[in-house]
Amino acid sequence: MLETANWIQKYFNQSPDAIFLFKNDDLLVSNEPAQRLVTMLNLDVNYLLQKCFHRANQQITPVNAKSAIPSS
């Protein structure tokens, strides 16, 4: 298990993409590109989290949910 955790940590940190991991409303961890992004743009991670929730809620509407069910 420790080997798997080390592998995940290594590739998480080496990713060129900014990665933020949240649990509930709390930022658990972010990688180096994410930390640079926050610093360079003076981002508030709580604002980022609110935007993600807002976008997810826009995509889940009764119309979208209904059209996602295949007709028989």
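Throughout, residue positions are numbered sequentially from 1 according to the sequence presented.
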- Query: Do the ring planes of W7 and Y11 sit parallel (below 30°), tilted (30 to 60°) or perpendicular (above 60°)?
  - Reply: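 Ring orientation, 0 to 90° scale: tilted.
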Return the set of residues passing side-chain contact (heavy atoms from CB on, under 4.5 Å) with [X] (not counting sequence neighbours), or none when no residue passes.
| X | result |
| --- | --- |
| L41 | L37, L43 |
| N46 | D44 |
| Q50 | none |

Atom pair [atom1] ([X]) and [atom2] ([Y]), whose distance is rounded to the nearest 0.5 Å:
| X | Y | atom1 | atom2 | result |
| --- | --- | --- | --- | --- |
| I8 | N13 | CD1 | CG | 12.0 Å |
| L48 | S30 | CG | OG | 10.5 Å |
| M40 | Q35 | CE | CD | 13.5 Å |
| C52 | F20 | SG | CZ | 9.0 Å |

- Could you tell me which non-hydrogen atom of P33 sits nearest to which non-hydrogen atom of S15, and how far apart they are?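 The answer is CG-O, 3.2 Å.
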- Query: If you take all heavy atoms of L21 and L27, which pair is closest and at what distance?
  - Reply: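 Distance-wise, the nearest heavy atoms are O-CD1, 3.5 Å.
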- Query: Is the backbone of F12 close enough, under 3.5 Å, to the side chain of N31 for a donor and an acceptor to pair up by distance?
  - Reply: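 Checking the backbone N and O of F12 against the side chain of N31, a donor-acceptor pair under 3.5 Å is found.
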- Query: Do D25 and F53 touch side chain to side chain, with heavy atoms closer than 4.5 Å?
  - Reply: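 Yes, their side chains come closer than 4.5 Å.
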